[in-house]
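All remarks here apply to the structure that follows.
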Amino acid sequence: MFSAGFRTISRQRHAANALVQGQAKRAMATVDMTVRDAINAAIDEEMERDEKVFILGEEVAQYQGAYKVTKGLWQKYGSKRVIDTPITEMGFTGMAIGASYKDLRPIVEFMTWNFSMQAIDQIVNSAAKQYYMSAGDISCPIVFRGPNGNAAGTSAQHSQCFAAWYSSVPGLKVVSPYSAEDAKGLMKAAIRDNNPVVVLEHELMYGVSFPMSDEAQSSEFVIPFGKAKIEREGTDVTIVSFSKMVGLALEAAEVLSASGISCEVVNLRSIRPLDRDTIINSVKKTGRIVSIETGWPQCGIGSEIAAIMMESDAFNWLDAPMERITGADVPMAYAIDLENASLPQVPDVLAAVNRLVQRKLVA
Amino acid sequence: MFATKAASLLLRRSAASSSSSVAAVAFLRNGFANGNVRSMSSNVGTFDLTGSFETYGLDTAPKNSVEMTKEELLKHFELMYTMRRMEITCDNEYKARAIRGFCHLYDGQEAVATGINAAFEPEDSWITSYRCHCVALARGGTVSSILAELFGNIGGATEGKGGSMHFYNKASNFYGGQGIVGAQVPVGLGLAFANHYNATPGKPMQVAIACYGDGAANQGQIWESANMASLWNLPMIFCIENNHYGMGTSQDRHSSHSDYYKMGNHIPGVRIDGMNVLAVKEGMRFVKEWVGAGNGPMYVEMMTYRYHGHSMSDPGTTYRNREEIALTRSTRDPIELVKRTLIDAGFADAEQIKDIEKVIRKEVAAECKAAKASPKTAIEPHLYEYVFSSNGGKKQNEFPPHIRMPDFAKSKWY
């Protein structure tokens, strides 16, 4: 049973936010679906559609997935296409990449993205750079997926966010879902993409339910990369985030609206390519921007968005400097208060937004 | 220093044959162990390979002799000599600063690439390290496209974007050309995995080979690959090109165990005299058949030698003495061995061989000239292309939405 720290956003909160968004769609035959089931459905549909798609990783087959994301797939597709690997990331990641050189379409599960560091040379040097180095001869239609970032009390070596590292690499596409709809559409698009795609999921979101529209339930539902989603429209501040922190942003926006501050919440969905236009256009509307991520501050996603604020014409619309909310600049501690203090919380967002709105230009 | 003896190539001459000389036969006796002799017709020879192989964990072994036609042996000689001239051209051009960066030459090891290629079908997959020029040539490359690549010209095999370590030819099932020591081995396992995944039941599988050096052989990711290959019976060949030095460190100083063909533990292995293209071909024929039948992976250790240093930055003489290099050249050179074999088999005389060499020297020089005539790779569009692929096919470019350039104002928006 999910039990977060008392100050982190609860599953109920996410669901409540989802309900708010989903209310308009209740008239259609929406179903509620967890993020986990949405990912499972995406993989299942794509495996059914194309025999070249297969999935490998630790415990993905007979154990049904360490986080049950691949539940039922081994029963349906068998050991040829749902493969339990030994605990040897560098080996099986390189192997999957070689298979993709020969037009197979592997999905590599990292039990958590922390373990991808064992394989990062393969991801960057054998996959990301390959099409360019070969001047367009050898492509790598491969998906790397798994839970990224913090969990609950998993401590320093099992809590790192890899969005910044992977999204800096040309030749990779990097996406990160928030909702069940995001998870399904982005995963399907990733599997169909003929390039290496990094999918950064979040363990604490797997069990969260969201309404899935008719469209999202369809087996042809794909979300294009490089397009962010406005989860909540607003006029006073732009809050940009991805993955679980979108939920935090929505929760903070709800609190702020009670004080008369209208927040526009942007769900990036795609970290590389970043949807610069949506961010810039939102800032042109609001004049204020806050980014939220769980990763470390230096050279993080917020840093990249700040650079965009500097080098694009959004700069001319800013009424205040950008605020970043990030994970604390320490390895993640175990004790619950320390863990919670190391992660963005609603009060942090409130504080940042309040600082921004206090900076009013003299009329 | 070398655990295997070079193959014996003594051939008994029929009384009717007149072109060989006693001196040639005597010369052979000095360099190689005596062995059984076989006879031949004017177009096919049977060549003795006793002493060329050592096996580990196997009940069967490569044959002690190989049959080869005149045409085929000549073809191997021509390919190997072309490889040699190409690598020597690279040496000269690197010193003339027409080639930049890293340049790892293969001269001395020609028999390995030529012999593997001879045993393989085009549908078998091959991946190797950065010492890849000659494999690139064997697998669908041309001397001019290889040299043009090294010159950074658009006529290069990878449009000047890869360089010395990054040759590829998917249509010829050649997957590089990889720069990170050892990383090619798991990738090679993936090629074998694909062959296994796509295999037709009841038919032998296409195999895959990953070549790597003694310097790479202790890497953990290689054992990870071997474990999976063995677990899943993948048609994978782990091929150690043992030239006895990992960069400047001799195998005695980098390897606590240097019987590399035994390194697969429970996985069988074959050690092959890598200076003899006939032994390499027969050895690889045996390995391919065994592995393709679904018996699982095999380790292959090629005993070979590189005349150059690790790369053009390394003179190769600070950690080896010149006597060792000279002795190898004079007694175990793979091209000299093929030449003697051609002569002793009556397939060609010294004059004909000289003519072939002359033609190849001229051809390589012409290819070099053609490579230089190719224009330098232009920034537009080549800097920006092939970050992504649209449909995964060859040269199917997909631009990312934005490519930032050093000067932001010069960035590209697509």
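Just so it is clear: chains get the letters A, B, ... in the order the sequence lines come, proteins before strands, and each one is counted from 1. The structure displayed is predicted, hence computed values, not measured ones.
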Side chain from CB out, backbone as N, CA, C, O: work out which of these in [X] comes under 4.5 Å of a heavy atom of chain B, or both, or neither.
X: A/Lys129; value: neither
X: A/Arg276; value: side chain
X: A/Leu274; value: neither
X: A/Thr85; value: both
X: A/Gln122; value: side chain
X: A/Glu89; value: backbone

Main-chain N/O of [Y] paired with [X] side-chain donor or acceptor, under 3.5 Å:
X: A/Asp137; Y: B/Lys394; answer: no
X: A/Asn195; Y: B/Phe388; answer: no
X: B/Lys395; Y: A/Ala135; answer: yes
X: B/Thr158; Y: A/Ser134; answer: no
X: A/Lys80; Y: B/Tyr197; answer: yes

Can you establish whether the number of heavy atoms outside B/Glu121 located under 6.0 Å from its atom CD is more than 12?
yes
Suppose we screen for ring-ring contact (aromatic ring centres under 6.0 Å, His included). Which residues come up paired with A/Tyr131, at least two apart in sequence or across chains?
B/Tyr386
Would you please test A/Met133 and B/Lys161 for side-chain contact (heavy atoms from CB on, under 4.5 Å) and show each step?
CA-CA 6 Å; A/Met133 283 196 300; B/Lys161 290 168 73 160; over 6 Å; no
Of all of B/Asn169, B/Asn227, B/Asn173, B/Leu383, which one pairs up most often with chain A through heavy atoms under 4.5 Å apart?
B/Leu383
Pick whichever of B/Ala226, B/Gly220, B/Ala194 has the most heavy-atom pairs under 4.5 Å with chain A.
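Heavy-atom pairs under 4.5 Å are most numerous for B/Ala194.
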A/Lys102 versus B/Asn198, side-chain donor and acceptor atoms under 3.5 Å
no
What part of [X] is in contact with chain A, defined as an atom under 4.5 angstrom from a non-hydrogen atom: side chain, backbone, both or neither?
X: B/Gln396; result: both
X: B/Leu231; result: side chain
X: B/Glu385; result: backbone
X: B/Leu191; result: both
X: B/Trp232; result: side chain
X: B/His402; result: side chain

Sub-4.5 Å side-chain heavy-atom contact between B/Tyr175 and A/Gln130
no
Are B/Pro401 and A/Pro273 close enough that some pair of their side-chain heavy atoms sits under 4.5 Å apart?
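They are in side-chain contact.
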Does NZ or CZ of B/Lys170 lie under 6.0 Å from the centre of the six-membered ring of A/Tyr101, at an angle within 45° of the ring axis?
no
Ring centres under 6.0 Å, that's the criterion: do A/Phe92 and B/Phe193 meet it?
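No - the distance between ring centres of A/Phe92 and B/Phe193 does not fall below the 6.0 Å cut-off.
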For a side-chain contact (heavy atoms from CB on, under 4.5 Å) check, start with the C-alpha distance between B/Met228 and A/Thr88, then their side-chain angles and the critical distance, and finish with the verdict.
CA-CA 9 Å; B/Met228 287 184 281; A/Thr88 53; 3.9 Å; yes
